[in-house]
Amino acid sequence: MTKQEYIDEADKVLLHTYNRFQIVLNKGDGVNLYDIEGKKYLDFATGIAVFALGYNNKEYNDALKEQIDKLIHTSNLYYNVPAIDAASKVAKSTGLDRVFFTNSGTEAIEGAIKLARKYAFLKDGNTDHEIIAMEHSFHGRSMGALSVTGNPHYQEAFKPLIGGVKFAKFNDLESVKELVTDKTCAIIFEPVQGEGGIYPATEEFMQGVRKICDENDILMICDEVQCGMGRTGKMFACENYNIKPDIMAVAKALGCGIPVGAFAAKENVASAMVPGDHGTTYGGNPLACAAVSKVFDMFEEHKILDNVNEVGAYLASKLDEIVEEFQCVTARRGMGLIQGIVLTKPVGDVVKKCIENGLLVISAGSDVLRMVPPLIISKKDVDDMIEILKKSL
Ligand SMILES: *Cc1c(COP(=O)(O)O)cnc(C)c1O
């Protein structure tokens, strides 16, 4: 079939929940993707901050192939070795104690919300606990995750959502304090807001929320689904602030392409969940967990964080030059290899131009061009990207 025939068929059979760009991707290699016509794209989108280790990575692929031939699925009625290995690595790297594997970021958030409610329920027996979330946040599309997503446009048609959620202003500690009551069981936020437009939390906000939580026995839930797994230069973004949440949600780059997420919690919180409280058929299956386990090994072996810090700083400096040079680019925000530039031109048009010119980037918020490249990129890749970006702007 031709590209157009594939697109026509897709538009007939897929639910129309995305306005997709008119390319049909076929294969990947390193930092590049190729469509079915053989056109090459430099990938600064990584399937939305997922493919951190680059495409067609032999070491990663071999680990998965080996697991496929051994055992793909078991359910959680039994133990399996990859899940045990992966959970130990997630616990160690997050500094938290217990892990629950899910199939997506959304489900990690669902689990985190349920855990927070159960923890509070065990304390006072009440069933009307409240959660404070942030405006312009993004936590996913299932009913629980959507309920804490501070974007009325995503929520409106799907009400009623889960109750007891209040929205504070991100990076505005006073607005959080105003919402705290004796019913508050959790404060949930992204240390770097991704979809909302690449807004890193301020030091003051992170420290302040931690203090509010400590003083009131409220659980701090950090959504590290997008900004975690090395993207900011630390394994998890909250480490940039020397803050440890009570519950952390991870996904996206956790499996580097295999659909897997997780939430992890401190022991005193995690112990609120007992058999029967939560479950999943696929979550933590051996194939997904073999990917997670390999990803952690490769991060260490290939010193991924060092590369993020070095190339991230270079990317930031190059983007700052773009801000200087182009009137239609007014600011840069970000940390490490999650960076955004604010545009006065329609972002969608620039994204389209970039794709035409062989560069995949994505939008965030209403006016931000977002870059979340593979964490293995080189300075040369940044230079190549900048050249295409300039031409496209
Ligand atoms: C993508 C994302 C989610 C949802 O993850 P899915 O895997 O798409 O369900 C949740 N939180 C944040 C911060 C995200 O970026």
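All ligand and atom numbering here is 1-based and tracks the order in the structure.
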Nearest non-hydrogen protein atom, [atom]:
atom                   : result
atom 1 (C) of ligand 1 : Lys252 NZ, 1.5 Å
atom 5 (O) of ligand 1 : Gly105 CA, 3.3 Å
atom 4 (C) of ligand 1 : Thr106 N, 3.6 Å

Once you restrict to heavy atoms under 4.0 Å, what part of Glu190 touches ligand 1? Side chain, backbone, both or neither.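 The answer is the side chain.
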Under 4.0 Å, heavy atoms only, figure out whether ligand 1 is touched by the backbone of Asp223, its side chain, both or neither.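 Just the side chain.
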Ionic contact status for Arg231 with Glu224, cut-off 4.0 Å: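 Looking at Glu224 and Arg231, the cut-off is not met.
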Protein heavy atom under 4.0 Å of atom 8 (O) of ligand 1: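 Within 4.0 Å of atom 8 (O) of ligand 1, no protein heavy atoms are found.
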Examine Lys294 relative to Tyr60 and say whether NZ or CZ is less than 6.0 Å from the centre of the six-membered ring and inside a 45° cone about the ring axis.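 No, cation not above the ring by the 6.0 Å, 45° rule.
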Within 45° of the ring axis of Tyr314 and under 6.0 Å from its six-membered ring centre, is that where the NZ or CZ of Lys379 lies?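 Cation-pi check for Lys379 and Tyr314: passes.
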In terms of relative ring orientation, are Phe170 and Phe189 parallel, tilted or perpendicular, with 30° and 60° separating the classes?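 Rings of Phe170 and Phe189: tilted, 30 to 60°.
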Subset of ligand 1 atoms that lie under 4.0 Å from at least one heavy atom of Gln226: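 That gives atoms 15 (O) of ligand 1.
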Residue Ser104 vicinity, atoms of ligand 1 by number, heavy atom under 4.0 Å: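 Those qualifying, in numeric order: 7 (O), 9 (O).
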Report yes or no: do Ile188 and Val250 belong to one cluster of Ile/Leu/Val/Met/Phe/Trp/Tyr joined by side chain heavy-atom distances under 4.5 Å?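 Looking at the clustering, Val250 is in a separate group from Ile188.
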Shortest non-hydrogen contact between Met143 and Pro160, atoms and distance: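 Taking Met143 first and Pro160 second, the nearest heavy atoms are CE-O, 3.9 Å.
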